[in-house]
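See structure below.
Since we're looking at a predicted model, the values are computed, not measured.
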Amino acid sequence: MVEKINVKHALIHEDSVLGLVKGQVSEQVKDVRFLSRGLNDTYKITGKESCYAYRIYRHGWRNEAAIKFELDAILYLKNKGYEAVGPVQETGGLCVKKIVAPEGDRYGVLFSPGATVRKTPTSKHEV
């Protein structure tokens, strides 16, 4: 007898992550490594010249609209002069990939290489 089991949090294999980022990275991907598990799973994507981060959000943590709002907020701050690692954008906007995982739908986002230095606002209304 085969029994169906529930999965709370699946770890996505690096080969699958490589397939998800193909086409988003403009250089050849040399390596994909799992880095950390938390509210999101984070993978290090190593290209020929740059490193990227791929974040896979947990099922049920945020829906696609909430993730896009988060990414828009990051891009807004970057456009205001704050240095932050932002999402890789494709023609037509943000790329949030839906991943069908055993526990349910999850979403993945590729983040570009960059500094994580904070800018000090000159006034409370600057942001």
Side-chain angles (χ1 to χ4, degrees):
M1 180 170 144
V2 176
E3 293 190 36
K4 183 179 178 182
I5 61 168
N6 294 322
V7 176
K8 187 174 184 178
H9 185 91
L11 183 61
I12 310 299
H13 194 279
E14 288 93 341
D15 291 344
S16 294
V17 174
L18 175 61
L20 293 168
V21 300
K22 279 188 178 178
Q24 287 186 277
V25 178
S26 59
E27 59 185 299
Q28 180 183 0
V29 175
K30 293 171 52 177
D31 191 41
V32 176
R33 296 276 176 198
F34 174 73
L35 284 181
S36 67
R37 176 181 235 166
L39 288 175
N40 310 297
D41 291 342
T42 305
Y43 296 80
K44 180 180 180 181
I45 312 298
T46 305
K48 194 172 182 178
E49 298 188 18
S50 301
C51 289
Y52 303 81
Y54 195 75
R55 174 187 288 174
I56 300 178
Y57 292 79
R58 277 191 186 223
H59 169 69
W61 171 239
R62 291 209 171 112
N63 62 26
E64 186 175 5
I67 294 167
K68 286 183 177 180
F69 181 82
E70 173 189 334
L71 300 176
D72 284 339
I74 292 169
L75 291 172
Y76 173 83
L77 291 173
K78 283 184 67 127
N79 290 335
K80 290 291 185 180
Y82 289 83
E83 294 185 31
V85 175
V88 171
Q89 292 183 275
E90 293 186 342
T91 305
L94 297 171
C95 184
V96 178
K97 291 204 177 198
K98 183 176 181 179
I99 301 166
V100 179
E103 66 270 29
D105 293 341
R106 296 176 69 180
Y107 297 92
V109 176
L110 181 66
F111 286 84
S112 63
T116 56
V117 179
R118 291 182 166 198
K119 173 186 168 190
T120 305
T122 55
S123 75
K124 67 180 181 178
H125 301 291
E126 185 177 5
V127 177

* Which pairs, with at least one residue in residues 43-61 and sequence neighbours excluded, count as a salt bridge (charged side-chain N to carboxylate O under 4.0 Å, His left out)? -> Arg55-Glu70
* Residues which pass side chain to side chain contact (heavy atoms under 4.5 Å, CB included) with Glu14, listed by chain and number, not counting sequence neighbours -> Val32, Phe34, Tyr43
* Keeping the roles fixed (side chain from Asp41, backbone from Arg37), state whether a donor-acceptor pair exists under 3.5 Å. => no
* Val100 reachable from Val21 in the ILVMFWY side-chain graph, under 4.5 Å edges -> no
* Begin with the C-alpha distance, continue with both residues' side-chain angles, and end with the deciding distance and a verdict on side-chain contact (heavy atoms from CB on, under 4.5 Å) for His59 and Val7. => CA-CA 10 Å; His59 169 69; Val7 176; over 6 Å; no
* Asked: Pairs in or reaching into residues 1-12: which pass salt bridge (charged side-chain N to carboxylate O under 4.0 Å, His left out), with residues at least two apart or in two chains?
  -> none
* Asked: In Å, rounded to the nearest 0.5 Å, how long is the span from CG of Asp72 to CG of Asn79?
  -> 10.5 Å
* Asked: Out of Val29, Ile45, Leu110, which one pairs with Val17 under the side chain to side chain contact (heavy atoms under 4.5 Å, CB included) rule?
  -> Ile45
* For Gly86 against Ile74, the heavy-atom pair lying closest together -> CA-CG2, 3.9 Å
* Structure fact -> Hits for side chain to side chain contact (heavy atoms under 4.5 Å, CB included) against Ala73, two or more places apart or cross-chain, chain-then-number order -> none
* Inter-residue atom distance Phe69.CZ - Tyr76.OH, 0.5 Å rounding -> 11.5 Å
* Asked: What's the shortest heavy-atom distance between Ser112 and Val88, and which atoms?
  -> N-CG2, 3.7 Å
* Answer whether the closest heavy-atom distance between the side chains of Tyr57 and Ile67 falls below 4.5 Å. => yes
* Structure fact -> Sorted by chain and number, sequence neighbours left out, side chain to side chain contact (heavy atoms under 4.5 Å, CB included) with Leu20 holds for Tyr54, Lys97, Ile99
* Which heavy atom of Arg106 sits nearest a heavy atom of Ala101, and at what distance? -> CD-CB, 3.7 Å
* Atom pair CD (Glu27) and OH (Tyr52), whose distance is rounded to the nearest 0.5 Å -> 4.0 Å
* To do: Look at the side-chain heavy atoms of Ile, Leu, Val, Met, Phe, Trp and Tyr, link any pair under 4.5 Å apart, and say whether Leu11 and Ile56 land in one connected group.
  => yes
* Structure fact -> Asp105 meets the side chain to side chain donor-acceptor pair (under 3.5 Å) criterion, sequence neighbours left out, with Lys98
* Asked: Given side chains that start at C-beta, do those of Lys68 and Arg62 come closer than 4.5 Å, heavy atoms only?
  -> no
* Asked: Given the rule that I, L, V, M, F, W and Y join up when any side-chain heavy atoms are under 4.5 Å apart, are Val109 and Val85 in one cluster?
  -> yes
* **Nearest heavy-atom neighbours spanning His13 and Asp15** => ND1-N, 3.0 Å
